[in-house]
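Data first, discussion second: the structure below is written as structure tokens.
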2 protein chains.
Amino acid sequence: MLIRLTPNENMPLHEQIAHAVRDGILNGSVADGERLPSAKALGESLGVSLHTVLRAYQALRDAGLIDLRRGRGAVVTALSEPSRAKATRILDEAVCHLNELGLPPETVLALFRSRLERAQIS
Amino acid sequence: MLIRLTPNENMPLHEQIAHAVRDGILNGSVADGERLPSAKALGESLGVSLHTVLRAYQALRDAGLIDLRRGRGAVVTALSEPSRAKATRILDEAVCHLNELGLPPETVLALFRSRLERAQIS
DNA sequence: ACCTATTTGTCCGTATGTATG
DNA sequence: CCATACATACGGACAAATAGG
């Protein structure tokens with residue numbers, strides 16, 4: 001996967017990296033189950049610090065796109081396609097209703113996270 | 001707000017800080033609109049680095065609990081109660097349907113985030 | 001069972017940049 | 001202009017988990 005960084009753009013490096021990898025995963029150019037290069041290796045090849053790559057990887061983990069573990073590296077998470085499609089329909093409808101409330105997206109996201117956790121427990 | 005750090009617990013310092021502040025916000029001991037101490041000041045009073053506090057603050061921002069901006073500091077986010085209640089109902093129903101799909105919560109969260117962003121653009 | 005190399009996790013210090021008041 | 005405060009990025013150090021020999 002090719003990643004090109006634009007040094008002077010206002011988008012931070014870690015975000016540029018995260019977006020590039022995310023796009024690679026979503027458009028299929030990086031296969032499910034594939035192992036991403038180590039943070040050190042990718043950092044060296046991009047001319048950035050290990051920390052910067054790690055920050056990008058950790059964001060992708062928070063987004064559920066990769067499985068990131070010590071000693072193991074970053075592995076692309078496999079998604080179940082039919083369930084994914086159904087989930088998308090349900091979520092799109094909810095988002096449509098939510099948009100009318102005028103709440104800031106971060107708030108909606110925080111609420112969703114809390115409801116999701118709550119459902120997980122019970 | 002009193003924060004006590006336990007150095008040897010397996011919970012990272014930034015997470016301990018985030019949880020403490022989050023609890024303070026949710027149980028009302030920190031009022032809406034109140035300004036949290038600067039990362040530098042809190043770091044010095046806790047004996048940790050500015051970065052560690054900033055990381056905690058940024059997590060709270062991602063969770064929608066505070067408004068964190070350059071030059072301004074961290075201000076506790078006030079939530080509009082009626083809209084919040086409606087959003088909670090909508091989300092609970094969606095989560096109920098989503099639970100039947102058996103997708104991992106991180107995947108559901110990632111999907112929700114992507115649908116939310118998509119709705120934001122259009 | 002042991003050792004070693006790899007890889008991420010956390011934390012610190014420092015430097016520079018940018019937005020706010 | 002200036003002080004404050006967050007944002008990003010780097011490098012270094014050590015810890016902890018994993019994998020392979």
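Note that the coordinates shown come from a computational prediction; the quantities given were computed from them, not determined experimentally. Chain letters run A, B, ... following the sequence lines, proteins first and then strands; every chain starts at 1.
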Distance below 4.0 Å between [X] side-chain N/O and [N] OP1 or OP2:
X      : N       : result
R70(B) : dT4(D)  : no
T52(B) : dC12(C) : yes
R72(A) : dG20(D) : no

Per [X] side chain, nearest of listed nucleotides [options]:
X      : options                  : result
R69(A) : dA7(D), dT18(D), dT10(C) : dT18(D)
P12(B) : dT8(D), dC6(D), dT10(C)  : dT10(C)
R55(B) : dT10(C), dC6(D), dT7(C)  : dT10(C)
L68(A) : dT8(C), dC10(D), dT18(C) : dT8(C)

N-O pairing of K40(A) and E44(A) below 4.0 Å: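 Salt bridge: yes.
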
Rounded distance (nearest 0.5 Å) linking atom OG1 of T88(A) with atom NZ of K86(A):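 If I round to the nearest 0.5 Å, the distance is 12.0 Å.
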
Beyond-backbone contact of T77(B) with D32(B), side-chain heavy atoms, under 4.5 angstrom: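 No - every pair of side-chain heavy atoms lies 4.5 Å or more apart.
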
Report the distance from atom [atom1] of [X] to atom [atom2] of [N], rounded to the nearest whole Å.
X      : N       : atom1 : atom2 : result
Q58(B) : dT10(C) : CD    : C1'   : 15 Å
E44(A) : dT8(C)  : CD    : P     : 12 Å
H51(A) : dT8(C)  : NE2   : P     : 12 Å

Identified side-chain contact (heavy atoms from CB on, under 4.5 Å) counterpart of M1(B) within the set I25(B), V30(B), D23(B):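 When I25(B), V30(B), D23(B) are each tested with M1(B), the side-chain contact (heavy atoms from CB on, under 4.5 Å) holds only for V30(B).
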
